[in-house]
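Naming: A, B, ... by sequence-line order, numbering from 1 per chain. Remember, it's a predicted structure, so these values are computed and weren't measured experimentally.
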Amino acid sequence: MSSKRMLVTAALPYANGHIHLGHLVEYIQTDIWVRFQKLRGRRCIFICADDTHGTAIMIRARQEGRPETELIADMQAAHEKDFAGFDIAFDHYGSTNAPENYELCKQIWGSLSKAGLVREDDVEQLFDPEAGTFLADRFVKGTCPSCKSVGEYGDNCSKCGATYAPTDLIDPVSTLSGATPVKRSAKHLFVQLEQLHAFLDAWTQSGEHLQSEVANYLKGHFLGKPLRDWDVSRPEPYFGFPIPDSPGNYWYVWFDAPIGYIASTHQWCKRNGEQLEDWWKSSDTEIHHFIGKDITYFHTLFWPGVLKAAGYSLPTFVHIHGFLTVDREKMSKSKGTQVRASKYLEHLDPSYLRYYYASKLGPRLDDIDLNLSEFAQKIDSDLVGKVVNLASRTARFVDGVGLASEYPHDGGLFAAAAAAGEKIAEAYEQCDYSRAMRLIMELADAANAFVDNTAPWTLKKDPNQHVRLQEVCTIVLNLFRQLCVYLTPVLPRLAQQCGRLFQVDIKAWDDSQKPLCGIQLSKFEHLMQRVDLAKVNQMIEESKETPAPSTNDAAVAPASSAAPATDSGDALLAEPLAPTCTIEDFAKVDLRVARVIKAEEVPEAKKLIKLTVSLGGDTTRTVFAGIKAAYTPAQLEGRLVVIVANLQPRQMKFGLSEGMVTAAGAGGTEVFLLGVDSGAKPGHRVH
RNA sequence: GGCGAUGUAGCUCAGUCGGUUAGAGCAACGGCUUCAUAAGCCGUGCGUCGGUGGUUCGAGUCCACUCAUCGCUACCA
């Protein structure tokens with residue numbers, strides 16, 4: 001805690017793909033932490049870079065018919081734009097394909113060699129003679145040697161679960177060229193991590209550098225037996241750095257990627273007149289890595305081992321987070337839940353996502369779930385309804401007069417919230433953002449209760465109370481600003497807007513400790529919009545990719561007709577069967593096919609969409625359906641639905657509903673309208 | 001198959017070294033308010049703390065077993 005400098009990294013995004021909402025968990029988490037440290041007055045830099053090497057990049061560049069350097073330059077530009085759009089503020093964003101990185105790789109490699117950690121061995125691998133390249137497991141397909149299932153990948157069988165080497169496949173085929181691969185032996189270089197076993201045992205199990213789950217995982221998984229040698233070379237052709245003392249070999253991408261942290265820092269140092277040694281070889285510098293749990297091994301065993309052997313500082317802490325699920329499921333391109341950062345930004349405010357992730361993130365590596373209806377609800381309720389609302393409830397009342405010259409008595413509200421600052425800071429420090437957000441919202445609740453109790457709108461009506469009115473508003477506006485200070489790491493834009501309103505920028509955490517008085521305010525402007533669900537839905541809709549019937553997908557997807565249904569009984573348990581009814585009972589209900597001819601938003605309604613449906617001919621009905629969270633009007637117009645046509649009309653707040661649209665599902669966003677097979681016409685009765 | 005994490009109110013989660021009638025936010029329901037982006041305030045929660053068995057004067061909290069979910073892994077990690 002007392003060290004002078006702090007270096008923070010997020011994992012280097014791979015240049016083979018665009019940034020999506022899953023990646024952003026990490027960058028937002030890290031950015032919040034860095035902004036927090038800076039706000040607290042720490043000397044802290046945030047370093048990142050694009051990870052650019054490897055077979056995947058090489059193959060893709062070939063497919064696109066252009067040099068790798070062009071591909072990675074384009075991708076880097078896209079990454080940086082996405083990050084900037086989400087207010088992720090790196091101090092430096094470099095690339096692993098940089099001369100500084102090559103220099104460092106050579107130097108560190110030299111240290112590893114000198115320490116006697118490198119050995120050489122022959123590895124037999126499949127080679128694609130047409131593409132002229134060795135093939136990683138996932139680039140080979142063939143028949144499973146165990147169950148004879150065809151079209152299986154080179155590492156294991158999706159049918160019988162057998163594992164094998166790609167060289168064991170029957171009739172192997174390269175997915176790159178379709179050629180039959182041949183076995184070929186090549187010289188590989190290995191780092192003998194086992195020599196560092198004792199060190200890694202001590203470092204990982206000290207309880208100081210890793211979350212306890214991670215330490216347990218490593219202990220149970222790797223450290224209980226000898227550590228395997230790590231294959232860090234790849235024979236040409238390969239896009240990467242050539243190994244100087246091993247002609248024809250390149251460093252495996254995972255060797256030079258983490259070194260990119262140092263190289264990128266080096267670039268930053270050059271631009272800012274700093275010494276790299278102060279940041280990577282000084283006990284006065286804390287180094288914090290933020291990563292996802294999928295790359296735990298590299299950052300907690302291999303990387304510390306390399307740093308140790310090469311004489312660099314070890315990470316102070318490796319902060320590991322879980323994955324993002326959307327509505328409890330893995331992100332899916334076909335469902336449109338793998339939303340690109342750029343797509344999100346076309347429709348929604350980045351502050352929403354920053355706050356939502358913050359409200360979900362804790363210090364452990366649990367997965368976090370993006371629930372789209374909760375997302376909208378939380379932003380509306382917490383940020384718009386509670387925080388921003390404080391300013392819009394009071395700012396107008398002090399137009400022209402400004403804030404009181406002295407801070408009035410407020411029953412200890414400001415002081416209590418100022419005191420809460422330490423607890424909030426501690427939560428941020430421990431990466432327990434969800435706790436920090438909860439604490440902040442408690443303060444917002446207290447402030448809103450104060451507004452209600454003092455009723456400034458009543459004071460306004462009585463000219464004798466105008467001094468008191470100014471006092472009340474001074475209190476509320478200061479409480480609002482205090483919240484903005486606490487939220488600054490998460491919502492830098494709100495903090496800026498707050499600065500404009502008060503004409504005093506938020507610069508430090510301690511700005512939360514003293515109220516502002518005797519100043520004029522700028523004209524109040526809306527600070528944040530409510531979440532438009534239509535835009536959320538549209539974003540999902542536009543993110544849907546119909547899976548191309550490529551050979552890859554065909555192998556993974558089960559043949560639809562042959563796959564046995566494995567539906568859970570949850571739905572039935574949630575809503576058990578109703579008592580038996582007779583055919584006469586059922587006949588009372590007149591279900592009809594109808595066409596939605598008009599679907600309209602009911603802005604005042606939380607759940608309803610107003611539908612005009614046609615039963616054929618001139619017969620139309622107006623029906624209000626509680627499906628707003630699940631459908632947009634645009635999705636509904638023109639489609640066929642099944643309605644209860646003889647339901648007694650019901651007067652609702654927004655008009656008369658003359659029927660009911662049938663749907664299944666639990667409600668909320670889980671509403672699935674009933675459709676009919678093609679051929680049915682509006683007016684047809686359901687028997 | 002191995003390992004790990006999780007399983008507490010409709011939803012998201014808190015529950016510190018085991019200790020009195022198990023908590024919060026959101027949703028829902030009832031009431032109030034109208035300054036504010038239909039925002040806000042007050043009130044309402046008999047939940048088998050996944051299950052079974054055990055340790056204990058006492059367990060959501062410890063132990064064993066078990067079920068479910070998720071993740072990692074299964075010799076180029």
Problem - Steps toward ring-ring contact (aromatic ring centres under 6.0 Å, His included) verdict (A/F255, A/W230) - result: CA-CA 10 Å; A/F255 178 79; A/W230 201 49; 7.6 Å; no

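B/G7 and B/G45 are spaced 25 Å apart, taking the P atom of each and rounding to whole Å. Across B/C67 and B/G30, the matching P atoms stand 45 Å from one another, rounded to whole Å. B/A28 and B/G19: their P atoms are spaced 35 Å apart (whole Å). Rounded to whole Å, the separation between the C1' atoms of B/G54 and B/G15 comes to 24 Å. Taking the P atom of each, B/A68 and B/G50 are spaced 16 Å apart, rounded to whole Å. Using atom C1' as the reference point in both B/C57 and B/A64, the two lie 22 Å apart (nearest Å). For the C1' atom pair drawn from B/U21 and B/G58, the interatomic distance equals 15 Å after rounding to whole Å. With C1' as the reference atom, B/U44 and B/G23 are 16 Å apart, rounded to whole Å.
A distance-only check finds a donor-acceptor pair linking the side chain of A/R354 to the backbone of A/V490 [under 3.5 Å].
Within the structure, a side-chain polar atom (N or O) of A/K386 is placed less than 4.0 Å from OP1 or OP2 of B/C26. Contact annotation: A/R396 side-chain N/O to B/C35 OP1/OP2 distance is not under 4.0 Å. OP1 or OP2 of B/A39 sits under 4.0 Å from a side-chain N or O of A/R530.
Backbone-only engagement by A/K360 is indicated by non-hydrogen atom pairs under 4.0 Å involving sugar-phosphate atoms exclusively. At a threshold of 4.0 angstrom between heavy atoms, the contacts of A/K460 with the nucleic acid are absent. Nucleic acid contact for A/N389: base, since at least one base atom lies under 4.0 Å from a heavy atom of the residue. Heavy atoms of A/V384 sit under 4.0 angstrom from at least one base atom. Base engagement by A/L527 is indicated by at least one non-hydrogen atom pair under 4.0 Å involving a base atom. Among the protein residues, A/Q125 comes within range of the nucleic acid bases, having at least one heavy atom under 4.0 Å from a base atom. Contact annotation for A/F397: backbone-only contact, meaning every heavy-atom pair under 4.0 Å involves sugar-phosphate atoms and none involves a base. Across all strands, A/R364 comes closer than 4.0 Å only to sugar-phosphate atoms, never to a base (heavy-atom distances). Using a 4.0 Å heavy-atom cutoff across all strands shown, A/D380 reaches no nucleic acid atom at all. Within 4.0 Å (heavy atoms only), A/M528 reaches at least one base atom of the nucleic acid.
Residue A/Q192 contributes atom CD, which lies 21 Å from atom P of B/C75 at whole-angstrom precision. Across the protein-nucleic acid pair, A/R438 atom CZ and B/C11 atom P stand 18 Å apart, rounded to whole Å. Going from atom CG of A/L439 over to atom P of B/A24 covers 15 Å, rounded to whole Å. When rounded to the nearest whole Å, the span between NE2 of A/H526 and P of B/A39 equals 13 Å. Rounding to whole angstrom units, CG of residue A/L479 and P of B/G40 are separated by 17 Å. Nucleotide B/U16 holds its P atom 14 Å from the CG atom of A/D432, rounded to whole Å. Counting to the nearest Å, the P atom of B/U69 and the CZ atom of A/F323 are 19 Å from each other. The distance from atom NZ of A/K183 to atom P of B/C76 is 15 Å, rounded to the nearest whole Å.
Both A/Y252 and A/E525 lie near RNA chain B, and the one whose nearest nucleotide falls closer to the 5' end is A/E525. Comparing A/S392 and A/A446 along RNA chain B, the residue whose closest nucleotide (by nearest heavy atom) sits nearer the 5' end is A/S392.
Between the side chains of A/T325 and A/D369, a donor-acceptor pair is found at a separation under 3.5 Å. A side-chain donor-acceptor contact under 3.5 Å links A/H299 and A/Y261.
Pairing for B/A38 is absent, judged as Watson-Crick or G-U wobble with the two contacts each under 3.5 Å. Look at B/G10: its Watson-Crick or wobble partner, with both distances under 3.5 angstrom, is B/C26. For B/C70, the paired nucleotide is B/G4, the pair qualifying as Watson-Crick or G-U wobble because both relevant distances are below 3.5 Å.
Of all the heavy atoms in A/A395 and A/F524, the pair that sits closest is CB-CD1, 3.7 Å.
In this structure, the separation between OH on A/Y356 and CG on A/L383 is 13.0 Å, given to the nearest 0.5 Å.
Both tests hold for A/R119 against A/F190: distance to the six-membered ring centre under 6.0 Å, angle to the ring axis within 45°.
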